[in-house]
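Each chain gets a letter, A, B and so on, in the order its sequence line appears, and its residues count up from 1. Reckoned from all heavy atoms, side chains included, excluding hydrogens, waters and symmetry mates. A quick note: this is a predicted structure, and the numbers were derived from the prediction, not measured.
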2 protein chains.
Amino acid sequence: MGNVPYLALHLISEGGPAIASILDIAKKAGVSKTTVSKVLNRQYGVHAETRKRVLEAAEALHYTPNIAARSLVMSKSGVIGVVYDSFRSPLYMELATQLEHHAMVSGYRLVFCSCNEDPDAKSGYIRYFMGGAADGIILFGSAEGDEAILDQVTAVDYPCAVIENHVEHLSIPNVLIDNLSGAAQAVDYLYERGHRAIAHVTGNLLHKVAVDRRDGFVKAMEEHGLSAPPERLLSTEGTIGCGTKAAAQLLAMKERPTAVFVFNDLIAYEMMDALHQARCRIPEDLSVVGFDHLVGLLSFKPGPLELTSLSQPLSDVAAAAIDLVAALVAGNAPQEKVRLFWPELKEGNTCRTLPPERASDPE
Amino acid sequence: MGNVPYLALHLISEGGPAIASILDIAKKAGVSKTTVSKVLNRQYGVHAETRKRVLEAAEALHYTPNIAARSLVMSKSGVIGVVYDSFRSPLYMELATQLEHHAMVSGYRLVFCSCNEDPDAKSGYIRYFMGGAADGIILFGSAEGDEAILDQVTAVDYPCAVIENHVEHLSIPNVLIDNLSGAAQAVDYLYERGHRAIAHVTGNLLHKVAVDRRDGFVKAMEEHGLSAPPERLLSTEGTIGCGTKAAAQLLAMKERPTAVFVFNDLIAYEMMDALHQARCRIPEDLSVVGFDHLVGLLSFKPGPLELTSLSQPLSDVAAAAIDLVAALVAGNAPQEKVRLFWPELKEGNTCRTLPPERASDPE
DNA sequence: TTGTATGCGTTATCAC
DNA sequence: GTGATAACGCATACAA
């Protein structure tokens, strides 16, 4: 009766895949659905002979469990969803690889999506995961609109961990790199080598990471009794081409700094290339420190120079994120809301030690 | 009765997210489930006043549709799944970005997963998608074991498109780059510049791409009346470090070739770096042609030299793959099984034109 | 315009 | 050891 349209539809539509169900197996093997389910889930209490018949039928019909039905009844999918703003960085890729690795160890499937910087798409993917496609999500990034999105997540207590973004008033656990420490390490390193006039090239300040690194830079400068005047804070949008723009700005400066701390290696390499073309030598004329240590993530060298840069412990970050979400899914609120990791400065050849006379510059 | 354990479980477990259902909304708004469903799906035939009440209730309860239930009843998820072997290449990332873009245009969600080169994990992800998590899949890559996996897919007529792998006897549509043409372009380019002694560094020959490019190389050489002896075919496993190894092999050759066609830029840049360290100058001592044109995909330069390389039309490839899967999902068998695209040689500065006298070397 | 009833494919409970 | 049967949350044909 009522099921005729469904059945008819199923039989008529030639386009749809012909995936067998437990019921199909049951018919073929001459047993009940329950028995089939038991066999398929490796439960005890099934006659060896029956089990064999069921298994053969399943094989013959190319059975694939319907995960929609399964997660509907179990309210669990075994999946963790990861939401990116963009795929376009070797750093993101390495993080993805590490996340996948740790998820597998924890017995979760991991699926990724990128909203390509589109907030609506991001919200859509998150709602998709929250709707049962995943048991929990990992949100990577610190874009401006994320807070509103995270509000929805906390409202229903959905398991979620955020990498790279710390929202104070929300109870969502964060996995963070200490960007302030990173900036301080960069400044300290340059200071020790005699640099006093240090500039900073920011990332996209709509992302918290960029703000943190800039603030960390300013703070570190002040702690050394140095100033970080606005004209030495070159803000960029973190997109392709901004390194070149930053280089132009640097070259146009009346009092050129002796060193620059750049938001990340992507920008820094592009900037160094533009500087090189303008006959500004690195490190002779300008010292550069980056962030992310791309050389460590790539099989090739991202430029003629090896950039001195801060390396992030991506494996630790990934493990912590998976851990947090897995704990939340299991119903255990994590003890600590913030898992903080320290970046480590890796020395390259883009920084010069200034001769003493310059080092004793005023201020 | 029977539902008590379910309800009790739901109420007791503090860990689970508290996501409201249509039934919850219905109760709160004082209407039936059907009405709520209608409102939520923007259907006509609902009183404005009722609609408002429902919407308010949904908002208040932070309603998120359960996609498991929805896709169970509709046998559609609105998702296309993409399966990668690895995330570790700028090429893969750019392809992902393009795929995401085109999927959004087609109204599909796109979720990615990487099996990290583990065949079992790959099979698991594919079965997961086939089980209803996605309406169709795009498999990227040409690893050796893929054929067995694709057998399962075709057995149940599940919508699937493969990028970079052509399995002759299966009816799965393929999106391909003409690797033979790519190799021929590389050889032609070098031949025109006087090179006769040309070597080839392969990729992982367990992947069909690598085999195709090698075969294309050999064929193109023969068409020029040149030979491609085994000792000039340096096979690698495509992993990190193999470029360095290939460089060592090249340097150890008794009769060193004047040019090398390398499987991809990743290997080529690593190789060139090792060669540089061994004081082998490029292009003076050796000309190099790569594949993938990484410079076009990165915001920074992947090395001091700009590698002459074959560029793949990734946007076209992505569009074709999405198109194919979307068509299959809609029940339309694509007219053509193979969508072939041509790579384009982008000239860099890693190839030298040999002086006439050398060019006329015998064979 | 609204509500009732049914089924999607699975797991889980409980009789046989 | 095995098999009915009842949910999971949703969409829809159909009755009211």
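- In this structure, CD1 of B:Ile19 is placed 14 Å from C1' of D:dC8, rounded to the nearest angstrom.
- The separation between B:Met74 atom CE and C:dG7 atom P is 19 Å, rounded to whole Å.
- In this structure a side-chain-to-backbone donor-acceptor pair under 3.5 Å is missing from A:Ser75 to A:Ser71.
- Whole-Å rounding puts the B:Lys76 NZ to D:dT12 P distance at 13 Å.
- If you take OH of B:Tyr128 and C1' of C:dG9, they are 17 Å apart, rounded to a whole angstrom.
- Axis deviation across the helix from C:dT1-D:dA16 to C:dC16-D:dG1 amounts to 40°, comparing end segments of five pairs, rounded to 10 degrees.
- With rounding to whole Å, B:Tyr44 atom OH is found 18 Å from D:dA11 atom P.
- At distances below 3.5 Å, not a single donor-acceptor pair connects side-chain atoms of A:Tyr125 with backbone N or O atoms of A:Gly81.
- Between the side chain of A:Asp118 and the main chain of A:Asp120, a donor-acceptor pair closer than 3.5 Å is present.
- Residue B:Val46 comes nearest to B:Lys38 through the heavy atom pair CG2-CB, 3.9 Å, listed as atom of the first residue, atom of the second, then distance.
- Atom NZ in A:Lys38 sits about 12 Å away from atom C1' in C:dT11, given to the nearest Å.
- Counting only residues at least two apart or in different chains, ring-ring contact (aromatic ring centres under 6.0 Å, His included) contacts with residues 100-124 of chain B comprise A:Phe87-B:Phe112, B:Tyr84-B:Phe112.
- Comparing C:dA12, D:dA7, D:dG9 by their nearest atom to the side chain of B:Leu72 picks out D:dG9.
- DNA chain D lies under 4.0 Å from at least one heavy atom of each of the following residues of residues 50-69 of chain B: B:Tyr63, B:Pro65, B:Asn66, B:Ala69.
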Sequence neighbours excluded and cut-off under 3.5 Å, please list the side-chain donor-acceptor pairs for residues 27-35 of chain A, or say none.
from, atom 1, to, atom 2, distance (Å)
A:Ser32, OG, A:Thr34, N, 3.4
A:Ser32, OG, A:Thr35, N, 3.4
A:Ser32, OG, A:Thr35, OG1, 3.3

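- OP1 or OP2 of C:dT10 has not a single side-chain nitrogen or oxygen of A:Ser37 nearer than 4.0 Å.
- Of the residues in residues 20-35 of chain B, those placing a heavy atom less than 4.0 Å from an atom of DNA chain C are B:Val31, B:Ser32, B:Thr34, B:Thr35, in numerical order.
- In this structure, B:Asp24 contributes its side chain and B:Ser21 its backbone to a donor-acceptor pair below 3.5 Å.
- Between the side chain of B:Asn174 and the backbone N or O of B:Leu176, no donor-acceptor pair lies under 3.5 Å.
- No donor-acceptor pair closer than 3.5 Å links the side chain of B:Asn332 to the backbone N or O of B:Leu328.
- Evaluation of the salt bridge (charged side-chain N to carboxylate O under 4.0 Å, His left out) test over residues 135-154 of chain B, restricted to residues two or more places apart or in two chains, returns B:Lys122-B:Asp146.
- A salt bridge does not link B:Lys208 to B:Glu164: none of the charged nitrogens lies less than 4.0 Å from a carboxylate oxygen.
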